[in-house]
Amino acid sequence: MNMMVLGAFALVNPRWRPSNIVYKEYENYVQLTQFLPKNIFEARMKTITWLILKEFPHVCLDSHLFVLALALVIAAAVFAIAARALSIAMWYPLCILIIPAMIAYWTTRRRGLYFIKMSQFHDKLEECLKSLTIMDAAYQIRWSYRQLELTDSGESLGLKSALDNHAVTLVIEITQMRYSNCINPCTRRNYNGERQQRIADVLLPTYESIEQDIVLDIGPPAMEEVIITSPPPVYTSRNYHCQQ
């Protein structure tokens, strides 16, 4: 079974914006347009985008909260200097510092759960891609995801700049599966149950062939046949008289 990559889409996790999946226009995937209709492709990408927006542990919230906490600390310092100059009570800046402390505690706890949430996202993404593969079985389409590889580039993943400028978490792929051992070419429009059964009959060996190829050696090895030859009996005269 051969697999041809029809499209690869990067899941980018920027620091200041929510994570999203980057993909080009449908017409830019020349090989994909030969197998998957445009409306189905757009519906599938919307499903994956919604899953990422809802389930992926975004880091942009932590970045914004860090900036907010830093700004509050600076504001508290400025207020302390102004309060000293105006002879105002010095405990007011301490009230401002309570908010950065709460933000630091919340972000620390959130980062501790990051890997757990990421593992849960991988499980949900795998389940989603499996369901999409089942729905697109008529086109012999397989949805899957993988880690970033050395052969990937910003152009191949549809990124606007170099790959080093983006924090790519994983790559979602669409592959078109082709069965090279089929007697007749497997077309995407005539991919029904009868053709699947025909493919299975070609690819899978029969029970009789498996039974003939398997040899079971049970017990000790068979001993070679040994023919024991004994000399003919010798009759004495005493035996001769007894027989008479």
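As the structure is a computational prediction, the values presented were derived from the model and not from experiment. One-based numbering along the sequence shown.
Using a 4.5 Å cut-off on side-chain heavy atoms (C-beta onward), Leu72 and Leu97 make no contact. Using a 4.5 Å heavy-atom cutoff, the side chains of Thr33 and Glu27 are not in contact. Using a 4.5 Å heavy-atom threshold, the side chains of Trp143 and Ile174 count as touching. Considering only heavy atoms from C-beta on, Leu125 comes within 4.5 Å of Ile172 through its side chain. Side-chain atoms of Gln120 and Glu55, non-hydrogen and from C-beta on, never get closer than 4.5 Å to each other. By the 4.5 Å heavy-atom criterion applied to side chains, Leu6 and Ile141 are counted as neighbours. With a 4.5 Å cut-off on side-chain heavy atoms, Leu11 and Asn20 do not count as touching. Taking the side chain as every heavy atom from C-beta outward, Thr169 and Val12 never approach each other to under 4.5 Å.
Note that the OG atom of Ser131 and the CE atom of Met135 stand 4.5 Å from one another [nearest 0.5 Å]. To the nearest 0.5 Å, atoms CE (Met4) and CZ (Arg142) are separated by 14.5 Å. To the nearest 0.5 Å, atom SG of residue Cys128 and atom CH2 of residue Trp50 are 13.0 Å apart.
Using cut-offs of 30° and 60° on the angle between ring planes, the pair Tyr23 and Phe41 is perpendicular. Aromatic ring pairs are classed by plane angle as parallel below 30°, tilted from 30° to 60° and perpendicular above 60°; the pair His122 and Tyr145 is tilted. Aromatic ring pairs are classed by plane angle as parallel below 30°, tilted from 30° to 60° and perpendicular above 60°; the pair Phe56 and Phe121 is perpendicular.
Taking the six-membered ring for Trp and the full ring otherwise, the centers of Phe9 and Tyr29 sit less than 6.0 Å from each other.
For the pair Ser63 (side chain) and Arg15 (backbone), a donor-acceptor distance under 3.5 Å is present. Side-chain atoms of Asp152 come within 3.5 Å of backbone N or O of Glu149 as a donor-acceptor pair.
At a threshold of 4.5 Å between side-chain heavy atoms, the hydrophobic network of Ile, Leu, Val, Met, Phe, Trp and Tyr places Met118 and Leu51 in one connected group. Hydrophobic clustering (ILVMFWY, side-chain heavy atoms < 4.5 Å, transitive): Phe115 and Leu170 are in one cluster. Criterion: ILVMFWY side-chain heavy atoms under 4.5 Å apart, direct or through other members. Under it, Ile99 and Leu61 are part of a common hydrophobic cluster. One hydrophobic cluster, built from ILVMFWY side chains closer than 4.5 Å, holds both Ile40 and Phe35. Cluster annotation: Val171 is not connected to Ile21 through the hydrophobic network of ILVMFWY side chains, with a link wherever side-chain heavy atoms come within less than 4.5 Å.
Considering all non-hydrogen atoms of both residues, Ser144 and Leu129 come closest at C-CD1, 3.6 Å. Scanning both residues, Ala69 and Pro100, for their nearest heavy atoms gives O-CG, 3.9 Å. When every heavy atom of Ile52 is checked against every heavy atom of Ser19, the shortest pair comes out as CG2-O, 3.8 Å. Here the closest non-hydrogen pair linking Pro37 and Tyr26 is C-OH, 3.6 Å.
Asp62 and Thr107 share no side-chain donor-acceptor pair at under 3.5 Å.
The pair Lys46-Glu42 fails the salt-bridge criterion, with no side-chain N (NZ, NE, NH1 or NH2) lying under 4.0 Å from an Asp/Glu carboxylate O. Ion pairing between Arg44 and Asp136 holds under the 4.0 Å rule for side-chain N and carboxylate O.
Counted within 6.0 Å of CZ on Phe66, heavy atoms from surrounding residues, nucleotides or ligands total 12 or fewer; the atom is thus considered open. Within 6.0 Å of CZ in Arg110 there are more than 12 heavy atoms belonging to other residues, nucleotides or ligands. The environment of Lys24 atom NZ is dense: over 12 non-hydrogen atoms of other residues, nucleotides or ligands sit within 6.0 angstrom. Within a 6.0 Å sphere centred on CH2 of Trp106, other residues, nucleotides and ligands contribute more than 12 heavy atoms. Within 6.0 Å of atom CD in Glu127, 12 or fewer heavy atoms from other residues, nucleotides or ligands are found, so the atom counts as exposed in its surroundings.
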Return all side-chain donor-acceptor pairs below 3.5 angstrom for residues 155-164, not counting sequence neighbours, or 'none' if the list is empty.
unit_1, atom_1, unit_2, atom_2, d
Ser156, OG, Ser153, N, 3.0
Ser156, OG, Ser153, O, 2.9
Ser156, OG, Ser153, OG, 3.2
Ser161, OG, His166, NE2, 2.7

